[in-house]
Undergrad: 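Would you mind keeping the following structure in view while I ask a few things?
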There are 2 protein chains.
Amino acid sequence: MPAEEMMLEEVERFLTCARVGRLGMYIGNQVHIYPVGYVYSDGKIFFHTCKKGLKMTGIQNNNNVCFEVDECTSDVSMYSSVIVFGTVNIVDDKVKMVSYMQALINKYRVPEPFDLYMKKRGRSINKELQASCIWLITPKKITGRRYVKDKIEI
Amino acid sequence: MPAEEMMLEEVERFLTCARVGRLGMYIGNQVHIYPVGYVYSDGKIFFHTCKKGLKMTGIQNNNNVCFEVDECTSDVSMYSSVIVFGTVNIVDDKVKMVSYMQALINKYRVPEPFDLYMKKRGRSINKELQASCIWLITPKKITGRRYVKDKIEI
């Protein structure tokens, strides 16, 4: 197999730039995979989610997760993927949440201060912060692989 | 949340056309996610993999998996995803494997008969069929969601 391990710098660049990550959790004897928009910063991964639902119940029982990002050509002859094993902490302190929300806005929206962004859309900041929370993944192990198929391979 | 459930026809179209799926497995008290090139056909999902490795050991202990495909815009304001819960059977009978390999070639290569494809690359068909196997996922539950963000949402 011509797969190569990525250096940490490449892994971090890949995690910073990828648009969607997949969160793998074990809930009720079943693996679940959720696609999420996320930010990688200072060695941690975080995303914003609703406080309710199966995912939320699941994380309270088992906060060990797998997080995956990948990118490949349409014929899957070249791909890169990063796999993270880590644990999740829930951040629901409203003051702390704002800086995470700001980072998410900076990645997925035209950057502007969180409070202005929320005002513009006629939303209640308090309501938003009340209904949602931040999932913060602290990695225990991160691996990245880059793969280019040999000419003779399928 | 403005997420909509997909109809079965849309789910099947999405599974047929997506280029990469993510396989979620539970191995040694840890969720693992593997990106794979696959085919969806006749209600089943299959892909080709090496007979050795952690994934192979894992599936012998627990063949319940989650399989995910998604597609989204770069700002994650629109996305579609399909989640499959199912069980894996390993196909390593060489005769049976050929038709699955053919379907994979037809999706990921310029279609041509498997034996010709293998000859061209100077490979041994027997060696290839000996070293690899097909993972066949029989879905127990499939759900698809399509999501378009409201104007006021983050």
Undergrad: For chain A, find its close neighbours in residues 11-20 of chain B: heavy-atom separation under 4.5 Å, sorted by number, or none.
TA: Arg19(B), Val20(B)
Undergrad: One thing to verify: whether Lys107(A) and Asp75(B) come together as a salt bridge, which I'm taking to mean a side-chain N less than 4.0 angstrom from a carboxylate O.
TA: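 The answer is no: the pair does not qualify as a salt bridge.
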Undergrad: Would you mind checking which part of Ser74(B) comes under 4.5 Å of any heavy atom in chain A, side chain (CB onward), backbone (N, CA, C, O), both or neither?
TA: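 For Ser74(B), backbone and side chain are both near chain A.
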Undergrad: Within a strict 4.5 Å, meaning less than it, do heavy atoms of the Arg109(A) and Ser77(B) side chains meet?
TA: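 Touching, per the 4.5 Å side-chain cut-off.
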Undergrad: With the 4.5 Å side-chain cut-off for hydrophobic clustering, are Tyr147(A) and Leu54(B) part of the same group?
TA: yes
Undergrad: Counting heavy-atom pairs under 4.5 Å to chain B, which of Ile33(A), Val76(A), Asn62(A) comes out on top?
TA: Ile33(A)
Undergrad: Heavy-atom count check: over 12 atoms from other residues, nucleotides or ligands less than 6.0 Å from Gln60(A) CD?
TA: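 Counting neighbours around CD of Gln60(A), more than 12 heavy atoms of other residues, nucleotides or ligands fall under 6.0 Å, so yes.
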Undergrad: If you count every heavy atom of other residues, nucleotides or ligands that lies below 6.0 Å from Lys96(B) atom NZ, does the total exceed 12?
TA: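 Count not over threshold, so no.
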Undergrad: Counting heavy-atom pairs under 4.5 Å to chain B, which of Tyr26(A), Phe67(A), Tyr34(A) comes out on top?
TA: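 Highest number of pairs under 4.5 Å: Tyr26(A).
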Undergrad: Other residues, nucleotides and ligands only: do more than 12 of their heavy atoms fall within 6.0 Å of CD on Glu71(B)?
TA: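 Not buried by this count: 12 neighbours or fewer within 6.0 Å.
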Undergrad: Give, as side chain, backbone, both or neither, the part of Val36(B) having an atom under 4.5 angstrom from any heavy atom of chain A.
TA: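 Answer is neither: Val36(B) stays 4.5 Å or more from chain A.
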Undergrad: Spell out, yes or no, whether Ile83(B) and Val65(B) are grouped together once hydrophobic residues are joined by side-chain heavy atoms under 4.5 Å, including indirect joins.
TA: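 In one cluster with Ile83(B): Val65(B), no.
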Undergrad: So, do Phe85(A) and His32(B) sit near enough that their side-chain heavy atoms are less than 4.5 Å apart?
TA: yes
Undergrad: Does CD in Glu9(A) sit with more than 12 non-hydrogen atoms of other residues, nucleotides or ligands closer than 6.0 Å?
TA: no
Undergrad: Which bit of Leu23(B) is near chain A, if near means a heavy-atom gap under 4.5 Å: side chain, backbone, both or neither?
TA: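 Just its backbone gets close to chain A.
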Undergrad: Minimum heavy-atom separation for Met25(A) to Val31(B), with atom names?
TA: C-CG2, 3.6 Å
Undergrad: Please report the interatomic distance CD(Gln30(B)) to NZ(Lys141(A)), rounded to the nearest 0.5 Å.
TA: 9.5 Å
Undergrad: Is Met56(B) reachable from Tyr38(B) through a run of I, L, V, M, F, W or Y residues, each pair having side-chain heavy atoms under 4.5 Å apart?
TA: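 In one cluster with Tyr38(B): Met56(B), yes.
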